[in-house]
Amino acid sequence: MSGIVLGVLAATAGLVFGTLGMAAAIVAVALVALVPRLPVFLAGGLVGVGATWLVLFSRQAAVCAQPDQPCGATPLDMAPWLAFSAAVFLVGVAIGVRAGRAAGRRG
């Protein structure tokens, strides 16, 4: 659970502070990967980052797709951001499933 909280906080900081914040969010989650006993924490962080970005970017895409959109003359293409967010989320899920299976074999 603490990994998901870290992920949500890192993702929010990334969105608030722009590209530098997003890089810091990814580095923060990657640093967790250096601790060999915490793959579930890493998985939670990736799931938190991916899910937060996916929800926020999906909402932005939906708002900008409306006829009276407040996004300027041409709405932004959010597809790359949505794909990246989904990939981060799915990598987190895959790491979590693998860690869960490894823990099941040990216990």
Side-chain angles (χ1 to χ4, degrees):
M1 186 65 166
S2 58
I4 292 176
V5 172
L6 168 73
V8 169
L9 292 175
T12 304
L15 292 174
V16 169
F17 296 112
T19 306
L20 182 62
M22 286 189 182
I26 292 169
V27 167
V29 173
L31 286 175
V32 174
L34 296 176
V35 181
R37 295 184 182 186
L38 298 177
V40 175
F41 191 78
L42 172 64
L46 292 173
V47 166
V49 168
T52 301
W53 287 350
L54 197 57
V55 166
L56 294 175
F57 291 143
S58 295
R59 185 182 183 294
Q60 184 65 27
V63 167
C64 287
Q66 296 181 9
D68 59 342
Q69 50 90 9
C71 302
T74 53
L76 297 172
D77 180 20
M78 298 301 288
W81 291 106
L82 292 169
F84 178 72
S85 302
V88 170
F89 177 80
L90 292 174
V91 166
V93 169
I95 291 172
V97 167
R98 185 169 180 240
R101 287 184 181 162
R105 279 183 255 147
R106 281 182 276 168

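Because the structure is predicted, anything quoted here is derived from the model rather than measured. Positions are given from 1 along the sequence.
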Of all the heavy-atom pairs spanning A43 and G92, show the shortest one and how long it is.
CB-O, 3.3 Å
Give the other cluster members for V47, using side-chain heavy-atom distances under 4.5 Å between Ile, Leu, Val, Met, Phe, Trp and Tyr residues; answer none if it is isolated.
F89, L90, V93, V97
Under 4.5 Å side-chain heavy-atom separation, chaining through any Ile, Leu, Val, Met, Phe, Trp or Tyr, what else clusters with F17? Say none if it is isolated.
V16
Could you pull out every donor-acceptor pair under 3.5 Å between side chains of residues 55-65 and any protein atom, sequence neighbours left out?
{"from": "S58", "atom 1": "OG", "to": "L54", "atom 2": "O", "distance (Å)": "2.6"}

